[in-house]
Amino acid sequence: MSVTRDLVLEQLKTVLNPLNGKDIVSAGMVKALTVDEGVVRFVLEIDPARAKAMEAARAEAETKIKALGATSVSIVMTAHAAAPPPPDLKGGGHGHAHGAAKATGPEKIPGVDRIIAIASGKGGVGKSTVAANLATALAAEGRRVGLLDADVYGPSQHRMLGITGRPASPDGKTILPLRNHGVTLMSLGLMTQEDEAVVWRGPMLMGALQQMLFQVQWGALDILIVDLPPGTGDVQMTLTQKAQVDGAIIVSTPQDIALLDARKGIDMFNKMNTPIIGLIENMSTHICSNCGHIEHIFGHGGVTKEAKKLGAPLLAEIPLHIDIRTTSDGGAPIVVSRSNSEQAEIFRTLARHLIATGQA
Ligand code: ADP
């Protein structure tokens, strides 16, 4: 039996908040629930002072969802208290005035020229892989590049870029990001222990995103790439509402189902007035690492067709190739570790195109 959203909600309604005896669904504590091919993710909003008490409820929810046959359950506990406003880092001379919209509308991040979001309809399509390779390819072309891993459910950029350690905060207000392969990185993955259930006791999830945007000392950047979580949730909304995003790139595999989801993402960015820079077809073909034979495992050209329909450019077709995976797993994306390979060349061409068209 496959796990559905309704089945998950039904189970979650049997989990009680120990603090008031109400079930966690009726109490409005379950946010951003997604159920995708057996992978269940949601945010549990809690009182940060009672995080310990809520851990039992989190564990109970996880056990009950697993019993439904879910292959993976990711529950992020966040505080529901409002985040403190980020400090004003602008100083003199930085930033643009946005008139009346300035207080609440999207703002420019001081020192950051442009922001590109990398989005996908669903998880596992290679969005993070594309973000890491595009970031390193832009750096190789001499751009000053930052990468913000906003995939709050499963941050992976620190691993892909081979970065360990924790960002320092010498003044207790701003955060110093870490750097490797010419890319300045900030990720929630750097703030939490590996394999640790994420509990943000301080600011809530959206506050954490806002902090990563505005309280990190990005320095002077030509381009900040934001690796979004899959889908069209609160993180996407918060990003486009708080920061001036210059464009979005949507990554998809050729499968129809992935395309359907990508379309939702496109609609969302249109609504948020964020221009779509284009689409990328990942896992476009499979190239056998032994014999070079090419196969269209997930079908081929589906994203091209969709891009045409939408009037958005198809920016790249990236093959499924084992080196793309192993290099990222090893902490040095293929653009860095096999810079002369055909696969790296695809990302480098993409980077050059974005620079030539003034988009990066
Ligand atoms: P997402 O960010 O969309 O969840 P990831 O970038 O984490 O996806 O990719 C999921 C898995 O697929 C990772 O193990 C990654 O190394 C692998 N992968 C992604 N793109 C390719 C590709 N073109 N060829 C081989 N493996 C890939």
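One-based numbering, in listed order, for ligands and for the atoms of each.
In this structure, the protein non-hydrogen atom closest to atom 7 (O) of ligand 1 is M160 CE, 3.9 Å. M283 CE, 3.9 Å is the protein heavy atom nearest to atom 12 (O) of ligand 1. Scanning all protein heavy atoms for the shortest distance to atom 24 (N) of ligand 1 gives H321 N, 3.0 Å. For atom 17 (C) of ligand 1, the closest non-hydrogen atom on the protein side is R325 CG, 4.1 Å. At the shortest separation from atom 19 (C) of ligand 1 among protein heavy atoms lies T129 OG1, 3.4 Å.
Closest of all the heavy-atom pairs between A132 and L147 is CA-CD2, 4.4 Å. Between M272 and T240, the closest heavy-atom pair is CE-OG1, 3.2 Å. Scanning both residues, M212 and A150, for their nearest heavy atoms gives CE-CA, 4.5 Å.
At a heavy-atom cutoff of 4.0 Å, ligand 1 is contacted by the side chain of N282 but not by its backbone. Contacts between I324 and ligand 1 below 4.0 angstrom, taking non-hydrogen atoms only, involve the side chain exclusively.
Taking the charged nitrogens against the carboxylate oxygens, D227 and K127 do have a contact shorter than 4.0 Å, which makes a salt bridge. Ion pairing between a basic and an acidic side chain is recognised when a charged N comes within 4.0 Å of a carboxylate O; K13 and D23 show no such pairing. Ion pair D329/R159 not flagged as a salt bridge, since none of the NZ, NE, NH1 or NH2 atoms sits closer than 4.0 Å to an Asp/Glu carboxylate oxygen.
When atom types are taken as modelled, the side chain of T14 and the backbone of Q11 share a donor-acceptor pair closer than 3.5 angstrom. No donor-acceptor distance shorter than 3.5 angstrom exists from the side chain of S284 to the backbone of E281, with no hydrogens or angles considered.
Between L320 and ligand 1, a contact under 3.5 Å exists for no N or O pair. Here's the thing with S128: one of its N/O atoms is less than 3.5 angstrom from an N/O atom of ligand 1. Not a single N or O atom of D329, backbone or side chain, sits closer than 3.5 Å to an N or O atom of ligand 1.
With ligand atoms numbered from 1 in the order given, ligand 1 contributes 1 (P), 3 (O), 4 (O), 8 (O) to contacts under 4.0 Å with heavy atoms of G124.
Within the structure, the closest approach of P230 to ligand 1 does not fall below 4.0 Å when heavy atoms are considered. Not close to ligand 1: S328, with no non-hydrogen atom less than 4.0 angstrom away.
Using a 4.0 Å threshold on non-hydrogen atoms, atom 15 (C) of ligand 1 counts as touching the protein.
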Under 3.5 Å donor-acceptor pairs involving side-chain atoms of residues 230-238, not counting sequence neighbours:
{"from": "Q236", "atom 1": "OE1", "to": "G233", "atom 2": "N", "distance (Å)": "3.1"}
{"from": "Q236", "atom 1": "NE2", "to": "P229", "atom 2": "O", "distance (Å)": "2.8"}
{"from": "Q236", "atom 1": "NE2", "to": "G231", "atom 2": "O", "distance (Å)": "2.7"}
{"from": "T238", "atom 1": "OG1", "to": "D234", "atom 2": "O", "distance (Å)": "2.8"}

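Residues satisfying the side chain to side chain donor-acceptor pair (under 3.5 Å) criterion with R352, sequence neighbours excluded, are E141, E345.
When the heavy atoms of S156, A119, P319, G126 are ranked by distance to atom 23 (N) of ligand 1, first place goes to P319.
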